[in-house]
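Beneath this line is the structure, given in structure tokens, with notes to follow.
Throughout, protein chains are lettered first and strands after them, A, B, ... in sequence-line order, and every chain is numbered starting at 1.
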Amino acid sequence: MARASSSISVVLRRQSPNTHIRYLTTETKDCDFTQVAQQICKIIRTKPRWENTLSSQYPSLNFSDPQFSREVLKHQNNVLLSLRFFLWLSSHNGFSPDPISCNAIFNALVEAKACSAAKSFLESTSFSPEPASLESYARCLCEGGWVEEAVDVFNRLKGAGVCPSISTWNAALSGCLKVGRTDNVWKLYQEMIEYGVVADVETVRCLIQAFCDDNDVSKGYGLLRQVLGDGIVPGNAAFNKLISGFCKEKEYTKVSELLHTMITMNCVPDNFTYQEVINWLCKKGKVSEGFRIFNDLKERGYAPDIVMYTTMIHGLCTMGWLGGARKLWFEMFGKGFRPNQYTYNTMIHGFCKSGDFEQARILYKEMCDKGYKETTVSYNTMMTGLCLHGRTDEAYKLFKEMPQKDIVRDVITYNTLIRGFCKEGKIVESLNLFREFHTLGLQPSAQSYTPLIAVLCQVGRVEEAKSLWNDMKNIGLQPISSTHDDIINGLCDQGDVTEGMDWFVAMLTDKLKPEQRTFSRLLSCLLHRDRLDDSLLVLDFMFTLGYVLEKGICYSLVNQLCSKNTHFVETCLGDILEGSDISTCL
DNA sequence: CTAGGGTTAG
């Protein structure tokens with residue numbers, strides 16, 4: 001969860017013009033508070049261990065006088081030093097914190113967005129800030145991502161019978177969205193309703209976004225239509241979120257509807273709108289469609305920005321259309337855009353994918369020369385490309401370089417290399433990496449296990465594969481469909497067709513679609529074992545899922561059926577031949 | 001400041 005860091009040097013706002021307070025000490029000597037306060041501030045700033053000596057330096061000063069403490073706080077312009085001084089005072093000389101000083105420090109901390117300091121200050125002093133301060137505090141917490149704490153503050157305000165302003169509510173909702181806590185959005189919105197606060201456009205924007213983030217895009221759309229009916233027009237933000245959400249769901253009719261509504265409502269679709277459309281079209285495999293829109297936009301006078309170019313170049317690269325990608329790259333230059341971290345990595349990825357490591361390295365060097373730092377992503381990109389083209393030794397070299405350059409290896413780094421090694425049958429190397437990864441305490445993903453289980457099954461080490469499977473399940477990871485296929489095929493290969501059938505049934509129960517190879521392997525094993533009933537069961541599912549029967553298996557199936565010579569056989573034969581690709585051969 | 005987008009596993 002994102003947390004804002006506390007600011008270190010901060011200006012404490014002066015509350016009032018500097019007033020000279022004169023004070024009579026026990027030595028009956030006049031003491032200028034302002035002067036002493038300034039001296040003390042300097043000591044606090046410059047002497048790291050002032051706590052040990054301050055009292056003895058001013059033996060006659062009454063540190064517990066609130067007027068004095070206020071004066072020091074007024075002169076101290078570093079809020080964290082103020083806080084330290086205040087805490088020191090609290091534990092000395094019987095000083096009992098006065099509300100004015102407390103409020104001053106608390107407000108300064110809030111203003112400095114030092115949420116965690118403000119929070120511990122509240123906890124340690126147990127004073128009650130003014131409602132206005134609390135409200136600012138709640139905003140500060142939200143902006144810093146401390147939404148749980150913000151909800152507590154809202155409850156506190158509620159306890160005091162104070163209703164936060166609409167902009168504070170909105171800030172809270174927006175803060176919850178930023179850290180992905182839609183649950184808190186709904187909680188807060190519920191309270192808003194209980195207070196009788198009337199939602200405004202910004203509230204609607206937050207709610208629509210919350211629906212979209214919850215993958216309830218249709219509900220978000222419902223809300224939009226409702227408010228449009230009431231004459232409220234949310235800004236592009238709400239529209240763009242909905243459009244992006246529907247693109248993700250491939251609901252292109254709704255997308256068009258929304259684009260039209262936007263235009264009707266004078267919310268002109270912008271680069272953000274179309275960027276989302278193009279991005280999701282590309283991600284859902286409709287790159288040509290995305291490219292068409294991209295070109296249309298240019299013709300209609302839209303000026304794609306660097307992000308849009310990057311998105312489009314990426315789309316073209318994933319399709320292997322490197323020529324088109326390069327053309328856009330140069331077009332982008334012509335428009336005055338210079339590639340950034342994303343653009344470089346995208347293009348490097350394109351070259352790597354197509355196996356042009358020479359170009360990839362030229363671009364990589366250019367990226368570094370332009371001052372962009374090498375990152376985990378840039379390394380992962382190169383390693384992915386190398387592994388894809390069977391150059392795992394080179395990828396491994398890069399892997400070893402990373403710590404020397406202080407570049408963090410992440411789960412993708414390891415998964416990439418594990419996959420690469422597995423593909424080349426280097427099981428020992430893969431398992432070593434896998435263990436190293438575990439030792440480092442990194443959180444594996446399903447993709448960490450997938451290639452290992454596959455290769456272990458291929459070489460007949462199904463027990464080890466199953467043990468990895470159990471590990472996965474135990475840490476709450478869901479194996480992908482093909483991992484089921486791998487295990488079934490492994491079991492069949494070692495003659496455990498009965499257990500293979502169990503796994504097959506489990507797959508169907510989980511509504512997963514076994515691959516063609518799994519059906520073929522199961523069928524030939526079952527036929528080999530003379531288990532005709534199970535064969536027919538498997539066959540039935542196979543046809544239901546739209547697969548065709550391979551020639552070889554079809555022949556042995558027909559042979560077996562004919563050798564049984566029962567009445568039932570004849571009814572089966574027709575179906576089987578219909579579903580096979582040999583009917584023309586007979 | 002005002003909402004916010006793009007890169008790496010397949």
Quiz item: Rounded to the Å, how far apart are A:E111 CD and B:dC1 P?
Solution: 17 Å

Exercise. Nearest whole angstrom, please: distance from the C1' of B:dA3 to the NZ of A:K178.
Key: 8 Å

Quiz prompt | Qualifying salt bridge (Lys or Arg N to Asp or Glu O under 4.0 Å) pairs, either residue in residues 334-347 of chain A, two or more places apart | solution =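 For residues 334-347 of chain A, and leaving out neighbouring residues, the salt bridge (Lys or Arg N to Asp or Glu O under 4.0 Å) pairs sorted by first residue read A:E331-A:K335.
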
Tell me yes or no: between the side chains of [X] and [Y], is some donor less than 3.5 Å from an acceptor?
X      : Y      : result
A:T483 : A:Y449 : no
A:D485 : A:T518 : yes
A:Y137 : A:K119 : no

Quiz item: So, does the side chain of A:D305 form a donor-acceptor pair with the base of B:dG5 at under 3.5 Å?
Solution: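 By the distance-only test, yes, there is a pair.
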
Exercise. Report yes if a donor N or O on one partner sits less than 3.5 Å from an acceptor N or O on the other, where the partners are the side chain of A:T311 and the base of B:dG6; otherwise report no.
Key: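 Absent.
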
Self-check item: Pairwise P distance, B:dG5 and B:dC1 [rounded to whole Å]
Solution: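 Roughly 15 Å separates the two P atoms.
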
Quiz item: Is the ring of A:F272 stacked on the base of B:dG4, with centres less than 5.5 Å apart and planes under 30° off?
Solution: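 Stacked: centres under 5.5 Å apart, planes under 30°.
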
Practice problem: Could you check which of B:dT7, B:dG5, B:dT8 has an atom nearest any side-chain atom of A:N345? | Solution: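 Closest nucleotide among those given: B:dT7.
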
Quiz prompt | Sugar-phosphate only, base, or nothing, as touched by A:N279 at under 4.0 Å among non-hydrogen atoms | solution =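 Counting heavy atoms under 4.0 Å across all strands, the contact made by A:N279 is with sugar-phosphate only.
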
Quiz prompt | Neighbours of DNA chain B within residues 168-175 of chain A, by heavy-atom distance under 4.0 Å | solution =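 Heavy-atom cutoff 4.0 Å gives no residues at all.
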
